[in-house]
Amino acid sequence: MSIPFPRLEARPVCGRPLFVVDGLFKADLVQALHTILTKQSFSLSDYDTEATSRIRHWKSEFPPAFFAANPLLQHWRDVVVAKSRELFAGSDLTLDRVHANAHLFGDHQHAHIDADPGVTALYFANPDWDDDWQGETIFYAANGEPWQALAPRPGRLAVFDGGIVHRGGVPSRSCFAARLSVAFKFFSS
């Protein structure tokens, strides 16, 4: 049975919006974006919170010129921005930052918020992902309990309230590739 695409699913976390969009991008575009992302320079320069700043993560920051230089990247960015604005229609969203994350087996991620008020659109960039590789993004309830686990399916887009506590997942020992994601972070008013 085939699933009609794109498919939108609302998965609120304790009353805060979390939307999951599958099939927004065709497989050939997901593959092309992955190829571009794997050629970017990553630095061990990001961290989750001030309290955990000693534990750094692999990140590649994208200035606006990164998208303007390539029509494929510009299209991808425009689709993500448009979908985010559609899902959070009551908010005035301004794109503030776009960066890629590379998580490897053995990395450690901490729970954090991105911006409150704000919105994050998280694009999962791997063109293939085996369930045994794990790497789920975990969203937490206000009491600190895990509330929702979201698998990093190829080309999946998660758009959520930036005030939701969450952490990126790291791949299992059986995964020999980096789990790549791209975070589009918006201020909202």
Side-chain angles (χ1 to χ4, degrees), residues 1-11 13 18-46 48 56-62 66-67 69-84 87 97-111 114 120-139 146-160 164 166-185:
M1 179 178 149
S2 66
I3 299 171
F5 286 114
R7 187 180 79 190
L8 171 66
E9 185 178 355
R11 297 185 186 180
V13 177
L18 163 63
F19 300 98
V20 179
V21 186
D22 287 310
L24 191 59
F25 302 102
K26 293 183 179 180
D28 58 341
L29 178 60
V30 172
Q31 181 63 56
L33 291 169
H34 182 261
T35 299
I36 292 168
L37 292 171
T38 59
K39 293 179 181 176
Q40 301 309 303
S41 296
F42 285 80
S43 63
L44 199 56
S45 58
D46 206 18
D48 293 318
R56 300 295 170 126
H57 309 297
W58 293 102
K59 172 195 68 144
S60 184
E61 200 76 35
F62 299 138
F66 174 76
F67 300 100
N70 183 319
L72 177 78
L73 294 173
Q74 187 66 48
H75 168 73
W76 170 55
R77 178 198 170 277
D78 291 348
V79 169
V80 170
V81 169
K83 182 54 78 175
S84 300
L87 294 171
R97 178 181 179 210
V98 182
H99 63 93
N101 299 296
H103 301 312
L104 301 165
F105 169 73
D107 286 348
H108 184 79
Q109 301 293 308
H110 289 95
D114 290 336
T120 298
L122 188 60
Y123 171 80
F124 296 101
N126 293 77
D128 300 295
W129 198 262
D130 188 293
D131 289 341
D132 289 335
W133 294 348
Q134 301 170 355
E136 298 87 356
T137 298
I138 307 297
F139 295 90
W147 184 267
Q148 183 92 231
L150 185 63
R153 302 254 185 261
R156 173 173 273 178
L157 183 67
V159 184
F160 56 93
I164 297 174
H166 64 284
R167 71 169 169 79
V170 297
S172 69
R173 180 182 296 255
S174 62
C175 180
F176 296 101
R179 173 197 174 272
L180 294 176
S181 63
V182 179
F184 294 78
K185 296 183 179 176

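We're numbering straight along the sequence, starting at 1. This structure is a prediction, so every number in the text was calculated from the model and none was measured.
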Quick one: are C175 and W129 in side-chain contact, heavy atoms under 4.5 Å? yes
With sequence neighbours left out, write down each residue that passes side-chain contact (heavy atoms from CB on, under 4.5 Å) with Q31, or none if nothing qualifies. H34, T35, P127
Residues two or more places apart in sequence or in another chain: which of them pass side-chain contact (heavy atoms from CB on, under 4.5 Å) with I36? Q40, F66, N70, L72, L73
Could you tell me if the side chain of V20 sits less than 4.5 Å from the side chain of R156, heavy atoms only? yes
Would you please name every residue forming a ring-ring contact (aromatic ring centres under 6.0 Å, His included) with H108, sequence neighbours left out? H110
Side chains of L18 and F139: does their closest heavy-atom pair fall under 4.5 Å? yes
What's the spacing between T137 OG1 and Q148 CD if we round to 0.5 Å? 11.0 Å
d(R97 CZ, F184 CZ) to nearest 0.5 Å is 12.5 Å
How many angstroms lie between atom CZ of R179 and atom CD of Q109, to the nearest 0.5 angstrom? 8.0 Å
Identify the heavy atoms of L157 and L24 that sit nearest to each other, and give their distance. CD2-CD2, 3.8 Å
Quick one: pull up CG in N126 and CG in L33 and give me the separation to the nearest 0.5 Å. 12.0 Å
Report the C-alpha separation of L87 and L8 in whole Å, then their side-chain angles, then the decisive distance to 0.1 Å, and conclude whether the side-chain contact (heavy atoms from CB on, under 4.5 Å) test is met. CA-CA 10 Å; L87 294 171; L8 171 66; 3.8 Å; yes
Can you tell if the side chain of R77 reaches within under 4.5 Å of the side chain of V98, non-hydrogen atoms only? no
Heavy atoms only: give me the nearest S41-S60 pair and the separation to one decimal. O-OG, 2.9 Å
Would you please name every residue forming a side chain to side chain donor-acceptor pair (under 3.5 Å) with R167, sequence neighbours left out? Y140
Residue set satisfying side-chain contact (heavy atoms from CB on, under 4.5 Å) with F105, at least two apart, ordered chain then number -> R173
Could you pull out all residues at least two apart from R56 that satisfy salt bridge (charged side-chain N to carboxylate O under 4.0 Å, His left out)? none
If the condition is side chain to side chain donor-acceptor pair (under 3.5 Å), which residues does D114 pass it with, not counting sequence neighbours? H112, T120, H166
So, using salt bridge (charged side-chain N to carboxylate O under 4.0 Å, His left out) as the criterion, who are the partners of D107 when residues are at least two apart? none
Please say whether more than 12 non-hydrogen atoms of neighbouring residues, nucleotides or ligands are located less than 6.0 Å from CH2 in W147. no
Exercise: identify the closest heavy-atom pair between A149 and E136: CB-CB, 4.3 Å
Applying side chain to side chain donor-acceptor pair (under 3.5 Å) to D131 and not counting sequence neighbours gives R153
CZ-NE2 distance between F25 and H75, expressed to the nearest 0.5 angstrom: 6.5 Å
Does the side chain of L122 come within less than 4.5 Å of F124's, by heavy atoms? yes
Taking all non-hydrogen atoms of both residues, which atom of G169 and which atom of H103 are closest, and how far apart? O-CD2, 3.5 Å
Salt bridge (charged side-chain N to carboxylate O under 4.0 Å, His left out) partners of D48, counting only residues at least two apart: none
Contacts of D132 meeting salt bridge (charged side-chain N to carboxylate O under 4.0 Å, His left out) (sequence neighbours excluded), chain-then-number -> none
Can you list everything that forms a side-chain contact (heavy atoms from CB on, under 4.5 Å) with A125? Sequence neighbours excluded, please. L37, Y123, L180
Do you know the tightest heavy-atom contact between S45 and K59? OG-CE, 3.3 Å
Beyond-backbone contact of V80 with V182, side-chain heavy atoms, under 4.5 angstrom: no
